[in-house]
Amino acid sequence: MSEKIRLIIDTDPGQDDAAAILMAHGLAKRGLIDFMALTVVAGNVGLHHTSTNARIICDWAGEKNFPVYAGASKPLLRSLVTAEEVHGKTGLDGTELHVPTCPLQPIHAVPYLIDTLRKADDSSITICPIGPLTNIAQALSLAPDIARAIKQIVLMGGNYFEAGNITPAAEFNFYVDPHAAQIVLQSGVPIVVLPLDVTHKATITTPRMDILRKQDNTNGMRLANILQSYERFDTQKFGLEGGPLHDPCAITYAVFPEFFSGRDCHVDIETQSELTMGACVVDWWGTTGKPANVHWVTEVNANKMFHELAESIKQLP
């Protein structure tokens, strides 16, 4: 790999967020990314829990001084909807939690993003949002000039070929803050979307779980326990062979895009109808003639992706 990817993750941990964050710490230890910071948003659970969980996960990775910034506590225009029924009351069901050592930075996530991107070179930073897009939309709205520093936004969210997972029409992250999703998708920044269309093809099967359990470290077993707790919901509701690794898909794409395939197309987000709020209107066949604003991913080599996830977790304590 010719250049080390400079990466900021925007997150709402969340069990599969934990897998993504641990993977990123492992990728950094492997020398594949410069993992700059975590910015945190309310989503799977409220901001108090998501910001605490982000710091706990950094402790687990042995990064007790990693920069974590708390951001938006609610969506731009709507009331917060959470997902305790999936992730548990704390957001990290399946393992023992502790009071985090890793501190919360005194600066709000949005000013941090704006300041960091303003100081950066053109097209130098990749942002991976794996929760609702509130922080990213606020930053781009308050400081449109920061777009020049963003190499790409690689996000987990949305659905088209797959039915929604929070309503019949919508995926959770886009449903929680559809207005933020629409702002980000219309920002002109290069955007890659990892929707349910692809994440439901990257599941944590029993053999993959066993590989994590057999690792000679604490985090392999810990992550397997977290993902086992989380997979029960998805296997029961969607009939999948295991829980989807939604958020690790975005981290993996940022480093190994060759594992994925999709199509450039125009996407809009429904922000008016309560019936279809947060739904993606994906112009897959170019019917409208509007220029493409995202790369919409539909396929993944799940075996290669899981191999890189496991190799990265192996680097951790």
Side-chain angles (χ1 to χ4, degrees), residues 2-12 20 24 33-41 43 67-72 75-77 105 107-158 173-174 176-195 247 249-251 253-255 257 260 262-271 278 280-283 288 290-297:
S2 54
E3 60 173 304
K4 192 183 287 191
I5 294 151
R6 303 184 72 204
L7 187 71
I8 296 171
I9 296 178
D10 188 73
T11 180
D12 62 335
I33 64 170
D34 172 10
F35 190 8
M36 298 173 65
L38 285 172
T39 55
V40 184
V41 67
V68 178
Y69 298 85
L76 295 178
L77 298 176
Q105 298 301 310
I107 303 166
H108 188 281
V110 173
Y112 162 75
L113 287 166
I114 291 171
D115 187 51
T116 301
L117 290 163
R118 279 183 169 159
K119 290 175 180 174
D121 294 335
D122 287 355
S123 301
S124 61
I125 295 177
T126 295
I127 299 177
C128 271
I130 52 177
L133 287 161
T134 318
N135 287 337
I136 311 304
Q138 285 189 1
L140 286 166
S141 298
L142 289 166
D145 56 292
I146 64 176
R148 60 150 194 88
I150 301 174
K151 180 180 179 181
Q152 60 180 350
I153 292 174
V154 181
L155 68 89
M156 189 279 132
N173 288 342
F174 281 16
V176 170
D177 200 341
H179 302 89
Q182 180 70 348
I183 287 168
V184 172
L185 265 58
Q186 305 309 317
S187 66
V189 173
I191 294 172
V192 178
V193 178
L194 286 296
D247 295 339
C249 280
I251 310 307
Y253 186 99
V255 185
F260 299 84
R263 182 183 295 186
D264 293 347
C265 52
H266 188 89
V267 179
D268 284 303
I269 311 301
E270 176 59 66
T271 60
C280 296
V281 181
V282 179
D283 189 4
T288 64
K290 293 180 180 178
N293 59 344
V294 308
H295 183 68
W296 187 269
V297 180

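Note that the coordinates shown come from a computational prediction; the quantities given were computed from them, not determined experimentally.
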Between [X] and [Y], which heavy-atom pair has the shortest distance, and what is it?
| X | Y | result |
| --- | --- | --- |
| P132 | V41 | O-CG1, 3.7 Å |
| I114 | A143 | CG2-CB, 3.7 Å |
| A72 | N135 | N-OD1, 2.8 Å |
| A149 | L117 | CB-O, 3.2 Å |
| C265 | V282 | SG-CG1, 3.7 Å |
| R148 | R118 | NH2-O, 3.0 Å |

Q) Could you go step by step and tell me if T126 and R6 meet the side-chain contact (heavy atoms from CB on, under 4.5 Å) rule? A) CA-CA 6 Å; T126 295; R6 303 184 72 204; over 6 Å; no
Q. Would you call K290-D283 a salt bridge at under 4.0 Å N-O?
A.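 No, this pair does not count.
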Between [X] and [Y], is any pair of side-chain heavy atoms under 4.5 Å apart?
| X | Y | answer |
| --- | --- | --- |
| P190 | I153 | no |
| T11 | D247 | no |
| W296 | H266 | no |
| D10 | C128 | no |
| D268 | Q186 | yes |
| I9 | F35 | yes |
| L38 | P67 | no |
| T39 | L113 | yes |

Q. Among V294, I127, L133, which one satisfies side chain to side chain contact (heavy atoms under 4.5 Å, CB included) with V184?
A.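 That would be L133.
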Q.
If the test is side chain to side chain contact (heavy atoms under 4.5 Å, CB included), which one of I251, I5, V255, L194 qualifies with V154?
A.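 It is L194; the other options fail the test.
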Q | Step-by-step side-chain contact (heavy atoms from CB on, under 4.5 Å) determination, Q152 to I191 | A | CA-CA 6 Å; Q152 60 180 350; I191 294 172; over 6 Å; no
From [X] atom [atom1] to [Y] atom [atom2], the distance as rounded to the nearest 0.5 Å:
| X | Y | atom1 | atom2 | value |
| --- | --- | --- | --- | --- |
| T271 | H179 | OG1 | NE2 | 4.5 Å |
| F174 | E270 | CZ | CD | 13.5 Å |
| S187 | I136 | OG | CD1 | 10.0 Å |
| I150 | S123 | CD1 | OG | 9.5 Å |
| L76 | I183 | CG | CD1 | 5.0 Å |

**Q.** Trace of the side-chain contact (heavy atoms from CB on, under 4.5 Å) decision for V193 with V297
**A.** CA-CA 6 Å; V193 178; V297 180; over 6 Å; no
Q) What is the ring orientation for Y112 with Y69, classed by angle as parallel under 30°, tilted 30 to 60°, or perpendicular over 60°? A)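 Judged by the thresholds at 30° and 60°, the geometry between Y112 and Y69 is parallel.
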Can you check whether [Y]'s main-chain N or O pairs, donor with acceptor, with [X]'s side chain at less than 3.5 Å?
| X | Y | result |
| --- | --- | --- |
| D264 | N293 | no |
| S124 | A120 | no |
| D34 | L7 | no |

**Q.** Pair V68-V40, side-chain contact (heavy atoms from CB on, under 4.5 Å): steps then yes or no
**A.** CA-CA 7 Å; V68 178; V40 184; 3.7 Å; yes
